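Just so it is clear, the model here is predicted, and its values are computed rather than measured.
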Amino acid sequence: MPAAPPARPALEIRAYREPDRQALFALWRDERITFRNVSVERELSLCLGAPQARLFVGYEGRQMVASIMCGFDGHRGWIYHAVTHRDHRRRGLARQMVAHAEAWLAERGAPKINLQIDSENAAAQGFWERVGFTAEPRVSMGKRLPALPPLPGAAGAAPPGQIKVIVTYLEMTERQRANVVPPPAGLKLAVLRADEISVPFYRYLYDTVGGPWLWYERRRMSDGEISVIVHDPQVDVFVLYAAGEPAGYVELDRRVNSEIELAYFGLLPRWIGRGLGPFLLRWAIDAAWQREPQRLWVHTCNLDHPKAIAFYQRAGFAPYKQETKFIDDPRPLL
């Protein structure tokens, strides 16, 4: 009687760690995983730098046999790059990886999961249908953005006590003919310049709007330091009022000649999701261009709302630079 084959080790699924890099790239290379116009290093960096994204790897013993990326954009969950080593297929490993990603997304409140596959990849479509996905009558549209420079050190994990921050800079170099964004119906709205804004009121706006997104720089400033900025005649603070109470604010910084920075923009948490964001941003853009700058610019990072970059792009901003930096974790001091 022939001897039974040795039992395979159980599949261990866990979050990616930096020592996994070589094995991950080997898996992707062996399976011919490519990212159009994006290097695998950048793809990994973008995933690791996004708080609402995860890369999971599957090991049998010391061999990486599978990987899967997933992310939550605040509206839908997404799955990317579900890969199983060719020598380990048809053993249920992909199903286990997908179930793990689905559980992670469900924990974050994702009501639905989307994914995209090549229309000519019948085998892939068959797999996803077997694990419960269905082809939907949708038109998938995409737009390639200008190539960004390499992210210096982006793939490295943050040292203990620090946070990795990926900052994206966007600009608008000419006034655009944009559609008017009407205010939401049923709300009495007003945008007023805070000509003599008090430091306590400014702190209230900054802390309340920025609290969910870890705004911390001005929390560390003294009252005097904040006063110098917000009372500068080249700095405009506009407050959006809805139904008689503050709902958000905009800070336009004109201290550099010929350009305006959209230094701060946001809504108080209770007003998010009511259509005020697009209205206020369009108002701020129009107010800035009335000054006739040579450019209007803004920056955002992976700590902000996951849709922030797309939000600014829809308004007409274009990304021109991206950088990665490590900051001391401010949360213990807030």
Side-chain angles (χ1 to χ4, degrees), residues 4-73 77-108 110 113-118 121-133 150-160 162-164 166 302 324 326:
R8 295 181 184 271
L11 179 68
E12 177 195 0
I13 304 175
R14 58 168 174 77
Y16 169 89
R17 302 170 187 164
E18 188 57 25
D20 299 321
R21 172 185 288 267
Q22 184 175 354
L24 177 70
F25 285 178
L27 175 67
W28 285 351
R29 182 179 62 250
D30 290 344
E31 300 307 311
R32 297 181 174 85
I33 298 300
T34 59
F35 309 107
R36 296 169 182 164
N37 299 335
V38 180
S39 70
V40 292
E41 290 83 0
R42 179 178 289 278
E43 188 79 359
L44 177 60
S45 298
L46 293 175
C47 177
L48 298 181
Q52 290 287 72
R54 287 295 185 275
L55 169 60
F56 294 106
V57 293
Y59 276 86
E60 285 190 337
R62 296 185 177 183
Q63 182 183 10
M64 183 185 294
V65 295
S67 72
I68 192 168
M69 271 188 194
C70 55
F72 181 45
D73 63 14
W78 288 87
I79 287 179
Y80 313 86
H81 314 317
V83 183
T84 303
H85 192 284
R86 67 188 65 184
D87 295 337
H88 297 267
R89 292 175 183 169
R90 301 186 182 280
R91 297 178 38 233
L93 303 184
R95 287 177 178 269
Q96 295 181 60
M97 298 295 293
V98 171
H100 193 89
E102 289 178 345
W104 186 86
L105 290 167
E107 289 175 357
R108 278 141 191 85
I113 300 174
N114 287 354
L115 59 87
Q116 293 180 323
I117 58 176
D118 192 307
N121 193 340
Q125 182 172 339
F127 165 76
W128 290 110
E129 289 175 344
R130 288 193 297 274
V131 296
F133 286 75
L151 301 177
Q162 292 192 322
I163 294 176
K164 180 164 61 178
I166 300 175
N302 57 303
T324 297
F326 297 94

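One finds the CZ atom of Arg95 at 14.5 Å from the CG atom of Leu11 (value rounded to the nearest 0.5 Å). Rounding to the nearest 0.5 Å places CD1 of Ile13 at 11.0 Å from OG of Ser67. Taking CZ from Arg21 and OH from Tyr16, the interatomic distance works out to 4.5 Å, rounded to the nearest 0.5 Å. Here Glu12 contributes atom CD and Gln96 contributes atom CD; the two are 12.0 Å apart, rounded to the nearest 0.5 Å.
Contact check for Val83 versus Trp28: side-chain heavy atoms found under the 4.5 Å cut-off. Looking at Phe56 and Trp104, their side chains come closer than 4.5 Å, going by heavy atoms from C-beta outward. By the 4.5 Å heavy-atom criterion applied to side chains, Arg54 and Met69 are not counted as neighbours. Using a 4.5 Å cut-off on side-chain heavy atoms (C-beta onward), Ile117 and Trp128 make contact. Looking only at side-chain heavy atoms (C-beta outward), Thr84 and Val65 stay at 4.5 Å or farther from each other.
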Original post:
Yes or no on side-chain contact (heavy atoms from CB on, under 4.5 Å) for Arg14 and Asp20, after CA distance, side-chain angles and deciding distance?
Top reply: CA-CA 11 Å; Arg14 58 168 174 77; Asp20 299 321; 2.7 Å; yes

**OP:** With side-chain contact (heavy atoms from CB on, under 4.5 Å) as the test, would you mind laying out the steps for Gln116 and Trp78 before giving the verdict?
**Re:** CA-CA 9 Å; Gln116 293 180 323; Trp78 288 87; 4.2 Å; yes

**OP:** Before giving the answer on side-chain contact (heavy atoms from CB on, under 4.5 Å), spell out for Asp73 and Gln52 the whole-Å C-alpha distance, their side-chain angles and the decisive distance to 0.1 Å.
**Re:** CA-CA 7 Å; Asp73 63 14; Gln52 290 287 72; over 6 Å; no

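Here the closest heavy-atom approach between residue Ile68 and residue Ala101 is recorded as CD1-CB, 3.9 Å. Closest of all the heavy-atom pairs between Phe133 and Ile113 is CE2-O, 3.8 Å. Minimum interatomic distance between Met97 and Val57 (heavy atoms only, all atoms of both residues): CE-C, 3.9 Å. Leu105 approaches Gly77 most closely through the heavy-atom pair CD2-CA, 4.1 Å.
Looking at residues two or more places apart in sequence or on another chain, you find no salt bridge (charged side-chain N to carboxylate O under 4.0 Å, His left out) involving Glu129. Contacts of Asn302 classified as side chain to side chain contact (heavy atoms under 4.5 Å, CB included), with partners at least two apart in sequence or in another chain: Pro51, Val165, Ile166.
Applying the salt bridge (charged side-chain N to carboxylate O under 4.0 Å, His left out) definition to pairs two or more places apart or across chains, those involving residues 56-69 are Glu60-Arg91.
Within 6.0 Å of CD in Gln22 there are 12 or fewer heavy atoms belonging to other residues, nucleotides or ligands.
Ring pair His88/His85 is perpendicular by interplanar angle, where above 60° counts as perpendicular and below 30° as parallel.
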